[in-house]
Structures are given as C-alpha cells and as structure tokens.
Amino acid sequence: MAVAFDEMNGPGGDLRPAYRELSRWLKETPPDALEYRRQEAELLFRRIGITFAVYGDAEAQERLIPFDVIPRIMSAKEWTVLEKGLKQRVRALNMFLRDIYHGRDILRANIVPDDLIFQNPVFRPEMNGQSVPHDVYVHIAGIDIVRVDADNFIVLEDNARTPSGVSYMLENREIMMRLFPDLFARHRVAPVERYPDELLSALRSVAPLSASAEPTVALMTPGVYNSAYYEHSFLADKLGIELVEGRDLIVKNDEVFMRTTEGLKRVDVIYRRVDDDFLDPLTFRPDSALGVPGLMSAYAAGNVTLANAVGTGIADDKAIYSYMPEIVKFYLGEEPILKNVPTWRCREPKDLAYVLDNLSDLVVKEVHGSGGYGMLIGPAATKATIEAFRDKLKREPEGFIAQPTLALSTCPTCTASGLAPRHVDLRPFVLTGSKHVTIVPGGLTRVALKEGSLVVNSSQGGGTKDTWILDE
C-alpha cells in the first residue's frame, strides 16, 4: 500500500505551514497537561450526554464517540478548492435526482444503465413526475472526503438520505474553545457555529408556496431508540424548532399539522430523520408505526416539503457513485473538481474477474451498505474472510463494488503512548436552499484510532476531531 500523506509533516517531513503554530504549542505543552485536558474533554462529553447506539452490540447500548483533542487543520486555500468541488457535486446530484424522476435524459443518453435505477430497492416510483419545491432533492448532504496527497481530495461516498454527525462537528468545536482557549488565540479559525442558522434558513427557503410568510419547520425523529436520537434533539434545540415523532403529526385535507397544547398547528417543512420506508404506512410499509398516514398525499399535493426529498437514496448508492464523474459532466458540462476513487463494478464480468483475482489487495463494499458494515478490507482480512467474500461475490456480483485500498492521510492524534499519526477522513455538510448552496467551513473529521486501521466509522471504533479551517 502507498505511504499515507502526513497532513502535519508533509511528504519530506517538512512541517506544513497550517500546522506551524500547533507544532510550536505542542512543544510548549507538557504531555501530562495534554492528557489532563483529554480526560476533561471526555468528562464534558459524558456530562452533555453525547452518545450513539451501536446496533447489534449487546453490551454497549449507548456509547461515547471517542474525541481526540488535537485539531485537524487546513488552510483557507485548500478549503476553497474543496468548497468549489462540493458545491459542484451537490448541484449535479440534485439535477440527477430531478432527471431520473422526470425526463430521464441520462438514461436515454445511455450514461447510466436503466436497471441500476429501476431495479434499485431505494428507487421510489411514487416520486415519478412529482415536483419538489425549487427542484431541491438533497437539502442536506454529507459528502465523505479523503485526502491522498498535498493537492488531492477524493470523494469516498455521497450521503444524500439522512446524513448524520453534524452535532459532533458543533460540539467538538464548543469543547475545544472551552478547553484550549490559548491554542485558539494563536489561530484565526473560521467559525462553524452558524450552521444551525444556515440550516434553518435553507429549510425555510424551500417551504411550499402555500406556506405562511414565516414557514413552520419541524424535525421528525423515529424516537429515542434511534442510534442518532441525541443528534435529533440537539439539532431541534439549536434550530429552535419542534422535535416530533410520527404520532405528533396528523394529515387533514392534504395538509400536515402537529398537535400542540394550543391545538393543531400547520407544519410546512419537515426535516425528517426517518427513512422513506417508514414515512407513511399508507404508501410504504403498512406495519410502520413511525410514520404519518397520508403524509405522501400532502407531499404530492405540494403542501409540505420533506428534507431530504423522498427517493434520494438512489444518490447514496455505491454503484451510482461510480458514475458521478459522468453525471457531473452530463448535467453541468464541466470536469469534476473532486475525483472519485477508482471503482470496479462487480456487476460487469470484466471487473468481477479482476476483483476476484485481487481480493487480498482491495476494499469491497456492499452497494447499499453504510456505517462501515458488510465490507471487506483485503489487506487486513484473514484468508477465511476473503474466501467467504469470494463466495458472496460469485453469488450476487451486482450487490458489490470494489476499490483500491487508499492511503488515507494521517493527522497527529493522542494515543496511550503519546502523539502518533492516525488515518482520517472528512464529512463536510452541504446545505442547498432555494437560492444558493452553503457549506460552513469545516466538517466532521473522523479518525481511525487503532494503529494502522483505515476504518473511521464510529460504529467500528473510530473517533472524531475538531476541523479547523484557517481564515486568511
């Protein structure tokens, strides 16, 4: 595997400019003082109660995501390139989603195969021909980015359904400001605190035409047993909007109302953190107790905006991901600013043959998988695991894609034996309103805490860091 790019010390061990001040500060700070603040940070996180649940983990119902106190730092110049590339990508994603539910020009142009859309379990025929306000399908996108060298950021995946993790971006910053004011004073760090205001304004801007001048926005959660419930309540609180469950909402005459102590109040925009399947038992799963009967008819009548729109899961699909460079060119007539990871589509016999011959060097992912589940990391896998994956691939090749094992960049991280490089990725959050696309400077940096590990997902033992974009 290629040697990972060290974000602090660069390829030749030369300290990179963005990290100069941090390096100086680390030299002045005794290791025990750093360890003391690390413990303090953990205490604060416990007190605030930021937890997430791990499905299928019997011992740990609620876990704390480990937080690393050494920030990841980027220059304004690096961020500018990233921001441009993210805006371009999300614009193309929105145009793609509108097209596959309307004119389907991209299918007629034979750029994306029909069956990848129509046989996809997350394609929603109910959305065919249905308009969504301002043609915005993905209001909130979490785009996972990895860095491979000084100049190149690569997109690892697009999260267009219900991207999570923004509460950690905001809490990480708050805790860093509280515990390391001296380190902050030495840098001009671009603020992320305005994210809730930007999100609320983006959501209000896409309210249906029939909404009042001050549209009512609510956040819909599956409830306290959901792994991201902490984030749902945190965001509703920060946005100053109601946190509702399906049972708090009712549909009358194709309008959605929430039950309040003063009676029913119309809801114009629902930021929903509930999957399509469970949204409306009359349209999707009849056994869903999480949804609102009639919600889809209010949606079809244009009386409520759902963010993100129903049917956006198709843009999360890892097989569709492999066509993103063509998708950007098709809709925008531009070269993609951010590259994709080279991807083999196992549905194609030639690609499958290559993947089967090289399993021990590749990363193999389920097309619909998320959270780091159901994937094979060839170089780290046992012979038995590789053989089990080989059988799976032969049985249903269309369910998988494969990619080279990327050398994710590393950042200095606090470990039991002192500071050491650990692999990181970045999830910036891209907000699309009726008029413009905004991204707060930063995002969620996830870090693989196990030495040598490339898996940054919290469900697989990863942690998080604060992400500092330096203001010029």
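The figures that follow rest on heavy atoms only: side chains count, while hydrogens, waters and symmetry mates do not.
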Exercise for review: Report yes or no: does Asp275 contribute a side-chain atom to a donor-acceptor pair with the main-chain N or O of Phe278 at less than 3.5 Å?
Suggested key: no
Check your understanding: So, Asp317 versus Asn120: side-chain donor-acceptor pair below 3.5 Å or not?
Key -> yes
Exercise for review: Tell me, yes or no, whether the heavy-atom count around Glu245 atom CD, taken from other residues, nucleotides or ligands under 6.0 Å, exceeds 12.
Suggested key: yes
Review point. Is it true that a side-chain atom of Thr445 and a backbone atom of Asp466 form a donor plus acceptor pair closer than 3.5 Å?
Key: no
Practice item. Indicate yes or no: does Asp277 engage Arg285 in a salt bridge with an N to O separation below 4.0 Å. Key: no
Check your understanding: Under 3.5 Å, side chain of Thr413 to main-chain N/O of Cys411, donor-acceptor pair present?
Key -> yes
Check your understanding: Has Arg194 got more than 12 heavy atoms of other residues, nucleotides or ligands less than 6.0 Å from its CZ?
Key -> yes
Review point. Do Lys392's NZ or CZ and the ring of Phe389 fall within the cation-pi criteria of under 6.0 Å and 45°?
Key: yes
Review point. Quick one: does Asn159's side chain have a donor or acceptor within less than 3.5 Å of a partner on Ile143's backbone?
Key: no
Exercise for review: Can you sort out the partners of Asn303 under side-chain contact (heavy atoms from CB on, under 4.5 Å), two or more places apart, ordered by chain and number?
Suggested key: Ser210, Asp254, Glu255, Arg266, Ala301
Check your understanding: Counting only N and O atoms by type, is there a donor-acceptor contact under 3.5 Å from the side chain of Asp276 to the main-chain atoms of Val310?
Key -> no
Check your understanding: More than 12 non-hydrogen atoms from neighbouring residues, nucleotides or ligands closer than 6.0 Å to NZ on Lys238, yes or no?
Key -> no
Check your understanding: Can any side-chain N or O of Tyr271 pair as donor or acceptor with the backbone N or O of Met220 at less than 3.5 Å?
Key -> no
Check your understanding: Any donor and acceptor pair, going by atom type alone, linking the side chain of Asp268 with main-chain N or O of Ala207 inside 3.5 Å?
Key -> no
Review point. Is it the case that more than 12 heavy atoms not belonging to Tyr36 sit under 6.0 Å from its OH atom?
Key: no
Review point. Between Arg345 and Tyr323, is NZ or CZ placed under 6.0 angstrom from the six-membered ring centre and within 45° of the ring axis?
Key: yes
Exercise for review: Scan Lys465, Arg446, Arg72 and name whichever one has a salt bridge (charged side-chain N to carboxylate O under 4.0 Å, His left out) with Asp425.
Suggested key: Arg446
**Study point:** Donor-acceptor under 3.5 Å (Asn308 side chain, Val138 main chain)
**Key:** no
Point to revise | Audit row: Val155, Asp144, side-chain contact (heavy atoms from CB on, under 4.5 Å) steps and yes/no | key: CA-CA 6 Å; Val155 177; Asp144 292 346; over 6 Å; no
Exercise for review: Look up atom CD1 in Ile327 and atom CG in Asn340, then write down how far apart they are to the nearest 0.5 Å.
Suggested key: 9.0 Å
Practice item. Tell me, with the steps shown, if Arg37 and Glu40 meet salt bridge (Lys or Arg N to Asp or Glu O under 4.0 Å). Key: CA-CA 5 Å; Arg37 291 200 210 178; Glu40 236 182 320; 5.7 Å; no
Check your understanding: Under the salt bridge (Lys or Arg N to Asp or Glu O under 4.0 Å) rule, what pairs show up with a residue in residues 125-135, not counting sequence neighbours?
Key -> Arg98-Asp135
Check your understanding: Can any side-chain N or O of Thr467 pair as donor or acceptor with the backbone N or O of Leu444 at less than 3.5 Å?
Key -> no
Check your understanding: Ile439 versus Lys87: any side-chain heavy-atom pair under 4.5 Å?
Key -> yes
Check your understanding: Between Glu231 and Arg273, does at least one N-O distance fall below 4.0 Å, as a salt bridge requires?
Key -> yes
Check your understanding: Around Arg259, counting heavy atoms of other residues, nucleotides and ligands shown, do more than 12 lie under 6.0 Å from its CZ?
Key -> yes
